[in-house]
Amino acid sequence: MTEDLLCVENLKKYFNAQESAVIRSKSKVKAVDDISFTVKKGSVFALVGESGCGKSTTARLILKLIQPTGGKVYFEGKDLYSLSSSELVKTRRDIQMIFQDPYSSLNPRWSVEQILSEPLDTHRIGTRAERKKMVKDILEIVGLKEEDCQKYPHEFSGGQRQRIGIARALITHPKFVICDEPISALDVSIQAQIINLLKDLQKELNLTYLFITHDLRIVQFLCDMVGVMYLGKIVEIGSTEAIFKNPRHPYSQALFSAIPQPDPFKVKEEVTLEGDVPSPLNPPSGCRFHTRCQFAMPICSEEEPLLKIVDENHKCACHLL
């Protein structure tokens, strides 16, 4: 069996809500609420769901950019939350992130060479001459030129800036890369280039990705496993093939029915969700999706469903199963 590189167990993150006339100071925003999943070495795991469901918060928890309310994250068998500061710095060399906005994530006052050299300086990798060569090599790998070293972020297009962001994430030779909606800020014509680049790099460098996205077409093309999130919970998880072939949760069915159909003559049944997403300050009791589910039963508002095995490599949290 393939080795588990990352293991997330019962992860939670509650934020204190700001006090106002209608919100009490003790209220909690349950951004991530008791989720668990594993990522196999060399695979691509996708987290999908609408805005505000907790995908990016999960990514930041894995990187320990924010402290969890509860739960554990294991990387290569090591509990990230119990590591000392020095051990965490060493581990972060193996865990990197590609951010959503390639402009705001790059220092506008630094040249490309300075941006790409910073991770090498932080982790004390190589001599000065070796670092210069590593910067030139990684630029070539992501499709940029050696003369781009002395340019600044504003001198590049959006797609080129994202290539710089990818180069910065890969220059320390990480084992695990979190891609937080890396193409959502790019033109459609550039998106395909970046996705193909990420796919090629994943094979060439034997990388493992956690891919966060809204675009389900990319998930089908790039990812091996999918976790569907709704209001801080994972409601369905399984192999890409299993979930795309037969989504079992009503929310997943609505998501996948919204994928654009390239064949204009093929009739596709669409599932329309009614109502607004509930507030994470006061999530519904029982199943959090029951307020928008057309199949809701009395038990759905009373008891929270647990993830159950519905097929090989496929789990779903729904009382209908």
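Because the structure is predicted, anything quoted here is derived from the model rather than measured.
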Identify the heavy atoms of [X] and [Y] that sit nearest to each other, and give their distance.
X	Y	result
P119	T172	CB-CG2, 3.6 Å
N196	F221	OD1-CZ, 3.6 Å
S157	Q160	N-OE1, 3.0 Å
G232	I35	O-CG2, 3.3 Å
I243	H314	CG1-NE2, 3.8 Å

Answer yes or no: is there a donor N or O on one side and an acceptor on the other, between the side chain of [X] and the main chain of [Y], under 3.5 Å?
X	Y	result
R168	V112	no
S105	F99	no
D215	R217	yes
E130	T127	yes
Q191	L186	yes

query: Transitive ILVMFWY cluster of I299 at side-chain heavy atoms under 4.5 Å: who else is in it?
result: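 F295, M297, L320, all in the cluster of I299.
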
message: My understanding is that a hydrophobic cluster links ILVMFWY residues whose side chain heavy atoms are under 4.5 Å apart, including indirect links. Using that, what else belongs to the cluster containing L321?
response: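 Other cluster members: V310.
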
- prompt: Does a side chain donor of either N10 or K72 reach within less than 3.5 Å of an acceptor in the other side chain?
  reply: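 Side-chain D/A pair, N10 to K72: absent.
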
Pairs where residues 236-246 contributes a residue and the test salt bridge (Lys or Arg N to Asp or Glu O under 4.0 Å) is met, not counting sequence neighbours: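 Listed once each, the pairs would be none.
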
query: What ring pair (Phe, Tyr, Trp, His ring centres under 6.0 Å) pairs are there with at least one residue in residues 43-69, not counting sequence neighbours?
result: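 Qualifying pairs: F37-F45.
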
Donor-acceptor pairs are to be reported for all side-chain atoms of residues 175-182 against protein atoms at under 3.5 Å, with residues two or more places apart or in another chain.
from, atom 1, to, atom 2, distance (Å)
K175, NZ, E76, OE1, 3.4
K175, NZ, E76, OE2, 2.8
D180, OD1, S56, OG, 3.1
D180, OD2, S56, OG, 3.1
D180, OD2, R60, NH1, 3.3
E181, OE1, H214, ND1, 3.1

How far does [atom1] of [X] sit from [atom2] of [Y], to the nearest 0.5 angstrom?
X	Y	atom1	atom2	answer
Y81	L88	OH	CG	10.5 Å
R93	L120	CZ	CG	8.5 Å
R92	L83	CZ	CG	10.0 Å

Considering residues at least two apart in sequence or located in another chain, which fulfil the side chain to side chain contact (heavy atoms under 4.5 Å, CB included) criterion with [X]?
X	answer
D33	K12, Y14, K30, K233, R288
K203	K199
D121	S117, R131
C223	V44, A46, F211, V219, T240

- prompt: Would a 4.5 Å heavy-atom cut-off, applied to side chains only, mark T38 and L6 as touching?
  reply: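 No, every pair of side-chain atoms sits at 4.5 Å or beyond.
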
task: With sequence neighbours excluded, tell me which residues meet ring-ring contact (aromatic ring centres under 6.0 Å, His included) with F156.
output: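 Expected list: none.
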
query: Residues in ring-ring contact (aromatic ring centres under 6.0 Å, His included) with F289, at least two apart?
result: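 Residues passing ring-ring contact (aromatic ring centres under 6.0 Å, His included) with F289: Y230, H249, Y251.
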
Please tabulate, one pair per line, all N/O donor-acceptor pairs under 3.5 Å involving side-chain atoms of residues 135-143, not counting sequence neighbours.
from, atom 1, to, atom 2, distance (Å)
K136, NZ, E146, OE2, 3.3
D137, OD2, K133, NZ, 2.9

